[in-house]
Amino acid sequence: GFSDIFGDIFGEVFGGGTRHGRPRQQRGDDLQYNLTIGFEEALLGKEEKISLRRPEECTDCRGTGARGGRVKRCDACGGSGQVRFQQGPFSIGRTCGQCKGEGQVVANPCPTCSGRGSVMREKTLSVKIPAGIDTGMRLRVSGEGNLGHNGGPSGDLYVLVTVKPHEYFTREGDHISCHATIPFTMAILGGRIEVSTIKGHAQLDIQAGTQHGKIYRLKGLGFPNLRGHGLGDQLVHIKISIPTKLTSAQRTLLEEYAKTDTTTSGAGSGSLFDKVRVLFE
């Protein structure tokens, strides 16, 4: 009603922060925990145990701050949490300065928590790391933040994830990327190579005429999509190795081939080695 609204407005103006003498509940603060995991752990997912130190309700006083949980009614406000005074035609309520709006005071503080109502404790939590998680993503653990005030709910715990880089693989969205170097003869003639994957080794067929920078796909060897859209692939980026030293027999054979090669028209009359270099450039 009108009187409730009127009382609330004046309570806020004069610093009351209470309604009908009852202190307002306040939600506890959120906490953040920084977690670093390996590349393979991000791919496969895992159950991670984390330990954090935070204030928890004192069990000896049940969070009241008083020895044995026994608190005393505030004499200044009669337990209402507010003191009232007359200003003209209005009766205005103000938060009690003695009990800070609690309506009760601690006459004999709890020795365990020194009257604070909470003690610092270390707690171990089990956090499920989903397969496919990436650096910068946060996991919310509901209710595992700081304690609330005046009976309010606890905050949440946010686990901020960092994925360590891999010595061989990199990540491109849901795909895993790597490089494979092949000799220029295989690039021309084709062949088969063995490449490393997160799950072991796989055979990859190289097509004849493969160009430098071509990307081959190994289906389903990437990260699982967090929204359930299947698996990414492994992308193999091809690099072609050009020899810097040739035997006289190798040079003779290549130069003989160069005389009949018409694919590098305008590249000059140099050796095939030079013509291959022109192609890659």
Side-chain angles (χ1 to χ4, degrees), residues 1 3-36 47-88 90-128 138-161:
S3 61
D4 291 346
I5 298 172
F6 194 79
D8 283 352
I9 292 174
F10 271 85
E12 290 297 329
V13 170
F14 288 95
T18 62
R19 179 181 175 92
H20 301 302
R22 295 191 298 271
R24 288 183 176 173
Q25 294 182 342
Q26 294 181 11
R27 182 179 180 275
D29 294 331
D30 293 332
L31 296 177
Q32 178 171 295
Y33 183 93
N34 298 324
L35 176 66
T36 300
E47 197 85 14
E48 180 75 15
K49 300 287 187 182
I50 63 173
S51 296
L52 62 155
R53 188 172 176 79
R54 65 182 183 185
E56 294 191 0
E57 183 179 281
C58 176
T59 55
D60 288 347
C61 67
R62 301 186 296 279
T64 63
R67 182 189 290 270
R70 294 186 294 273
V71 294
K72 176 186 174 185
R73 190 180 71 168
C74 177
D75 294 332
C77 65
S80 68
Q82 285 191 336
V83 291
R84 307 193 71 82
F85 62 95
Q86 199 74 23
Q87 183 170 324
F90 303 114
S91 176
I92 299 175
R94 175 177 288 176
T95 300
C96 177
Q98 183 165 321
C99 67
K100 305 297 187 295
E102 297 287 341
Q104 53 194 18
V105 293
V106 175
N108 191 3
C110 172
T112 304
C113 64
S114 301
R116 292 188 300 270
S118 63
V119 292
M120 294 297 293
R121 289 196 181 97
E122 186 166 305
K123 184 174 183 178
T124 300
L125 300 173
S126 182
V127 180
K128 185 176 181 179
R138 296 196 309 170
L139 303 172
R140 183 171 70 91
V141 186
S142 180
E144 293 296 347
N146 277 336
L147 290 172
H149 304 286
N150 301 321
S154 297
D156 297 331
L157 172 67
Y158 287 90
V159 181
L160 179 63
V161 175

Flag the pair Gln82 / Cys96 as yes when at least one side-chain heavy-atom distance between them is below 4.5 Å, and no otherwise.
no
Tell me, do Val141 and Asp156 make a side-chain contact under 4.5 Å, heavy atoms counted?
no
Ignoring hydrogens, what is the shortest heavy-atom contact between Lys49 and Ser126? Give both atom names and the distance.
NZ-CB, 3.7 Å
Applying side-chain hydrogen bond (donor to acceptor under 3.5 Å, both in side chains) to Gln32 and Asp30, what does each step give before you reach the verdict?
CA-CA 7 Å; Gln32 178 171 295; Asp30 293 332; over 6 Å; no
Under a 4.5 Å cut-off applied to non-hydrogen side-chain atoms, are Leu31 and Tyr158 in contact?
no
Report yes if the side chains of Ser154 and Asn146 come closer than 4.5 Å at any heavy-atom pair, otherwise no.
no
4.5 Å side-chain heavy-atom contact, Ile50 and Leu157:
yes
Go through Leu35 and Glu48 one step at a time and tell me if the side chain to side chain contact (heavy atoms under 4.5 Å, CB included) criterion holds.
CA-CA 9 Å; Leu35 176 66; Glu48 180 75 15; 3.8 Å; yes
How about Val161 and Arg138: do any of their side-chain heavy atoms sit closer than 4.5 Å?
no
Nearest heavy-atom approach of Cys110 to Cys58 is SG-SG, 3.9 Å
Tell me which donor-acceptor pairs under 3.5 Å the side chains of residues 116-125 have, and how far apart each pair is, sequence neighbours excluded?
residue: Arg121; atom: NH1; partner: Glu57; partner atom: O; Å: 3.3
residue: Lys123; atom: NZ; partner: Glu144; partner atom: OE1; Å: 3.3
residue: Thr124; atom: OG1; partner: Ser51; partner atom: OG; Å: 3.1

Drop me the distance from Cys113's SG to Glu56's CD, to the nearest 0.5 angstrom.
13.5 Å
For residues 63-79, tabulate all N or O donor-acceptor pairs below 3.5 Å that involve a side-chain atom, not counting sequence neighbours.
residue: Thr64; atom: OG1; partner: Cys61; partner atom: O; Å: 2.7
residue: Thr64; atom: OG1; partner: Ala66; partner atom: N; Å: 3.2

Please give me the minimum heavy-atom distance between Pro109 and Ala107, naming the atom from each residue.
CD-O, 3.8 Å
